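Below is one structure; the comments refer to it alone.
Since the structure is predicted, the reported quantities are computational estimates derived from the model, not experimental observations. Naming: A, B, ... by sequence-line order, numbering from 1 per chain.
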Amino acid sequence: MKSIKTILILFACAIVSAFTIKTTEGYHVGDVIEDFKLKNIDDTMVSLSDYKEAKGFVIIFTCNQCPYSVVYEDRIIALDLKYKKLGYPVIAINPNDPRASRGDGFEEMKVRASEKGFTFPYLFDEGQNVYPKFGATKTPHVYIVSKSGMNVEYIGAIDNSSRKPEAVTEKYVEDAVDALLAGKKLVKTKTRAIGCSIKVF
Amino acid sequence: MVKKCFITLFFISLLGSCKNEEITFVQSYTYNELKTLLEKNDGKTYVINFWATWCAPCVKELPAFEKINKEYATKNVTVILVSLDFPKQVAKRLIPFINKKKLQSKVVLLNDINEDFWIKAIDSTWSGAIPATIIYNGKDRKFYEQSFDYDQLETELQPFL
């Protein structure tokens with residue numbers, strides 16, 4: 001009788017914990033990512049497997065409208081110019097549903113990319129199937145992936161001063177890619193910054 | 001005579017501006033200064049909302065927070081709206097927005113670049129996306145990285161009262 005009671009209690013505990021443990025969705029540092037195929041602003045389809053020469057990728061969820069994305073545009077271009085030739089190109093993805101975020105439509109992405117002279121692909125997460133796999137919650141949101149095992153190496157912010165580029169004292173993404181290129185261990189694998197929530201219709 | 005007229009008009013306009021209660025200033029806080037607002041222990045319930053004028057879902061949910069501030073004022077509830085507008089937008093956007101929407105809740109600006117530090121410090125689960133909200137009363141505290149409507153917010157608030 002006593003053992004039945006114990007089993008029942010354990011069972012009840014199991015049920016309670018199953019509902020209270022918060023499942024953190026999306027990739028964590030170390031996870032292997034799945035490739036994707038998304039439409040670029042030049043109307044071609046882009047996958048990570050297209051990049052035969054790359055050593056890895058700086059994947060940045062970003063968009064046209066978010067002021068935190070806009071304030072980083074020049075710094076994202078600079079990252080691509082610096083690291084594409086070293087094997088870590090920037091891949092930008094707009095995760096927003098344009099019906100919920102005016103100005104973030106595919107045609108508007110083309111306009112913004114040409115105005116700013118984006119040097120990297122700017123992909124549209126049409127149907128919003130890719131960003132949830134990553135677990136991206138905001139723009140900008142960076143995932144650095146090394147190509148050898150397609151592992152996530154870093155998740156977070158671009159640097160430690162979004163609003164004031166002149167006040168940056170730590171360049172998280174540059175530090176991470178430099179370490180990967182040098183075969184060193186990353187000092188910081190996760191950082192945070194304020195951003196705009198991803199817009200769902 | 002004309003001079004007298006102008007002086008009278010001047011005072012009338014002064015009175016008028018007092019009645020409208022237009023604000024001209026928003027207090028700016030570093031995280032360390034803001035912390036005192038996030039850790040009060042005075043028996044009151046605080047609803048702290050992180051928002052910005054450029055954040056569409058934030059603007060959409062503001063009326064719910066304003067309504068809580070009004071309806072629950074007598075129940076010891078205080079709403080504080082922590083703006084994450086860029087400091088250079090305060091005069092141009094934030095202050096006109098507060099006046100246009102006639103916001104009654106206290107609005108403060110969080111101006112602290114060390115985001116990686118204070119986002120974690122505010123809540124370990126916060127990714128940094130806004131809107132985000134804290135409801136707390138002394139040591140009881142809950143954090144929400146989500147949008148609210150009035151009913152949801154009221155439901156979350158009830159257990160703190």
Inset, instruction - May I ask you to test the A:Cys196-B:Cys55 pair for a side-chain heavy-atom distance under 4.5 Å? - result: no
Inset, instruction - Could you list which of residues 67-86 of chain B have a heavy atom closer than 4.5 Å to any heavy atom of chain A, in residue-number order? - result: B:Leu84, B:Asp85, B:Phe86
Legend entry - Closest contact, heavy atoms only, A:Ser162 versus B:Glu115: OG-OE2, 2.8 Å
Inset, instruction - Among the options A:Pro67, A:Ser161, A:Ala157, pick out the one with the most heavy-atom pairs lying under 4.5 Å from chain B. - result: A:Pro67
Inset, instruction - Would you mind checking which part of B:Gln89 comes under 4.5 Å of any heavy atom in chain A, side chain (CB onward), backbone (N, CA, C, O), both or neither? - result: neither
Legend entry - For chain A, the option from B:Ala52, B:Ala56, B:Pro57 that forms the most heavy-atom pairs under 4.5 Å: B:Pro57
Legend entry - Heavy-atom contact with chain B under 4.5 Å, split by part of A:Ala167: both
Inset, instruction - Would you confirm whether A:Arg192, through its side chain, and B:Trp126, through its main-chain N or O, come within 3.5 Å as a donor-acceptor pair? - result: yes
Inset, instruction - Start with the C-alpha gap between A:Tyr172 and B:Asp116, add the side-chain angles, then the distance that decides, and say whether side-chain contact (heavy atoms from CB on, under 4.5 Å) holds. - result: CA-CA 10 Å; A:Tyr172 303 133; B:Asp116 184 46; 3.3 Å; yes
Inset, instruction - Select one option (side chain, backbone, both, neither) describing which atoms of B:Ile122 are under 4.5 Å from chain A's heavy atoms. - result: neither
Inset, instruction - Mind ranking A:Thr137, A:Ile155, A:Ile198 by heavy-atom pairs under 4.5 Å with chain B and telling me who comes out on top? - result: A:Thr137
Inset, instruction - Determine whether B:Gln146 and A:Ser197 make a side-chain contact, defined as any pair of heavy atoms from C-beta on separated by less than 4.5 Å. - result: no
